Amino acid sequence: MSKKPGRRRMGQNRMLWLLDALERDPRADAATDVLTRRVRALPLGRARDALHGRWLGHPVHPLMVQVPIGSWMSAAVLDLWPGRSRGAGLLVGVGLAAAGPAALAGAVDWAELRRQQKRVGLVHAVANTAAVGLYGASLVCRLTGRAGAGRAYGFLGLTAVGLGGMLGGHLAYRQASGANHAEEVPHVVGEGWHRIGTVDEFPAGRPVRRTVDDVPVLVVRETGGTFHALADRCSHLAGPLSEGTIADGCVQCPWHGSVFRLSDGWNVRGPATAPQPAFDTRVVDGHVEIRLRREDGTETPAERGADEARTRAEGDAGHGRDI
């Protein structure tokens, strides 16, 4: 018997089913597109990369939300103790003050996500906005002497924060938003040099895609003959860099505009917060070879032995030609 569309998968709990259904629901896509354009149009300049967390090496939004969440959680604890309403009110205010910058950082990240991620992220933002509204009402009630109502609004706000946090966790861990999508490359590519083609297969200034140990690699040959090689899948959301634009010694991802330096993979501009894995390159007998670049620039004993064997073989061949 065929399974009807929309039914839960066998063994899937209701919460996961609801989240999966949310990812597939297109009804808010028109609003999402409008919000995306508005967030991208914000005149943030260099602050945009700072809000993405390029300086930190990963998204800064999860770090920034610790202040409002921690403040509101602490306020809830104080609300359970008689006579601590003034301290709880102060913490509610601190959380509200910190919520704005955290929301802005989340918005600039959200605007560069995939469609399914944006759908979940929009509901995440709605839950957090509701939390801010409830805590705002809580603070007003506390300041006007209605402590009981202030506590009630505070606990409702904490419930909304919990829902928003659950959706944020789904975004980060189930949908991999903000994760480094090139992290596995050093663990998959084998040691040593890998031959990827002849020199004439790489036109100068044009990106070429090759594969090494099932890992796509972007290869660019400069006009002067120097070769550069980077992992092809963008660390931001796995966009194909080999379909991007080459300019000024960099490659720009065609999906979300992240810019990486060809010489070493450094992320010059976000939204990518992690650099691209880079490869050493060399030309041997008219063939291009690449090797995953190590952080310390050293060779393993196996790589060193292979290089020495190649050198001896080339020397023996040359000596034979001289005789």
Side-chain angles (χ1 to χ4, degrees), residues 5-6 9 12 15-42 44 48-49 51-54 56-62 64-65 102-129 163-185 207 209 215-216 218 230-245 251-260 267 269-277:
R9 298 185 183 95
Q12 187 181 43
M15 181 60 68
L16 285 177
W17 179 79
L18 289 171
L19 289 170
D20 287 347
L22 176 60
E23 293 178 16
R24 298 189 298 268
D25 192 337
R27 286 178 291 181
D29 285 355
T32 294
D33 292 340
V34 172
L35 289 171
T36 296
R37 289 194 295 270
R38 290 183 178 178
V39 172
R40 288 178 174 175
L42 291 173
L44 297 174
R48 188 175 297 272
D49 272 0
L51 290 168
H52 280 309
R54 193 173 71 87
L56 187 60
H58 61 76
V60 73
H61 173 67
M64 297 178 73
V65 299
L104 180 58
V108 297
D109 286 342
W110 171 84
E112 308 300 338
L113 296 179
R114 298 190 183 102
R115 174 73 69 185
Q116 291 79 5
Q117 294 168 328
K118 286 182 179 179
R119 290 167 179 166
V120 176
L122 183 62
V123 181
H124 167 73
V126 169
N128 289 334
T129 301
L163 176 60
M166 183 271 294
L167 291 168
H170 185 81
L171 268 167
Y173 299 111
R174 184 71 176 263
Q175 294 183 298
S177 65
N180 177 5
H181 288 261
E183 191 278 335
E184 80 283 356
V185 171
R209 187 176 185 269
V215 173
L218 161 73
L230 303 176
D232 186 48
R233 294 194 181 103
C234 178
S235 63
H236 175 233
L237 281 178
L241 296 184
S242 55
E243 298 178 16
T245 303
V251 58
Q252 183 175 23
C253 180
W255 283 8
H256 301 99
S258 296
V259 176
F260 301 93
N267 47 318
R269 189 171 75 233
T273 58
Q276 287 296 110

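Note that this is a predicted model, so its numbers are computed, not measured. Counting from 1, the numbers follow the sequence of the chain as shown.
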Applying side chain to side chain donor-acceptor pair (under 3.5 Å), name anything that partners His181, two or more places apart in sequence or on another chain.
none
Heavy atoms of Pro59 and Thr273 approach each other most closely as CD-OG1, 3.9 Å
Of all heavy-atom pairs between Ala111 and Val39, which one has the smallest distance, and what is that distance?
CB-CG1, 3.7 Å
Would Asp33 and Arg115 pass as an ion pair if we require N to O under 4.0 Å?
yes
Could you give me the CA-CA distance, side-chain angles and deciding distance for Val65 and Asn128, then say whether side-chain contact (heavy atoms from CB on, under 4.5 Å) is met?
CA-CA 10 Å; Val65 299; Asn128 289 334; over 6 Å; no
Salt-bridge contact Arg40-Glu112 (side-chain N to carboxylate O under 4.0 Å):
yes
Taken to the nearest 0.5 Å, the spacing of Met15 CE from Asp20 CG works out to 12.0 Å
Mind checking the CZ-CG spacing from Arg119 to Leu171? Nearest 0.5 Å is all I need.
13.0 Å
Rounded to the nearest 0.5 Å, what separates atom CD in Gln117 from atom OG1 in Thr32?
12.5 Å
All heavy atoms of Gln116 vs all of Gln175, minimum pair found to be O-NE2, 3.3 Å
Heavy atoms only: give me the nearest Ser242-Asp232 pair and the separation to one decimal.
N-OD1, 2.7 Å
When you measure from the side chain of Asp49 to the backbone of Arg269, do you find a donor-acceptor pair of N or O atoms at a distance under 3.5 Å?
no
Compare all side-chain heavy atoms of Ser235 with those of Pro275 and state whether any distance is below 4.5 angstrom.
no
Approximate separation, where rounding is to 0.5 Å, of Asp109 CG and Leu104 CG
10.0 Å
Do any N or O atoms from the side chain of Trp110 and from the backbone of Lys118 form a donor-acceptor pair under 3.5 angstrom?
yes
Verify, without hydrogens or angle tests, whether Arg174 (side chain) and Leu16 (backbone) share a donor-acceptor contact under 3.5 angstrom.
no
Should Leu163 and Val123 be marked as a side-chain contact (heavy atoms from CB on, under 4.5 Å) after you check the CA-CA gap, both sets of side-chain angles, and the distance that decides it?
CA-CA 10 Å; Leu163 176 60; Val123 181; 6.0 Å; no
Taking salt bridge (charged side-chain N to carboxylate O under 4.0 Å, His left out) as the test, write out the residues that go with Arg37, two or more places apart.
none
Any donor-acceptor pair under 3.5 Å linking the side chain of His61 with the backbone of Ala103?
no
Taken to the nearest 0.5 Å, the spacing of Asp25 CG from Leu18 CG works out to 11.5 Å
If we ignore hydrogens and angles and just use 3.5 Å, is the side chain of Gln276 paired with the main-chain N or O of Ala231 as donor and acceptor?
yes
Contact summary for Cys234 and Leu241, nearest pair of heavy atoms
CB-CD2, 4.0 Å
Heavy-atom pair with the smallest gap, counting every atom of Ser258 and Ala272:
OG-N, 3.0 Å
What I want to check is whether the side chains of Glu23 and His170 have a donor and an acceptor closer together than 3.5 Å.
yes
The criterion is side chain to side chain donor-acceptor pair (under 3.5 Å); which residues satisfy it with Arg38, sequence neighbours excluded?
none
Once you round to the nearest 0.5 Å, how far does NE2 of His52 lie from CG of Asn267?
11.5 Å
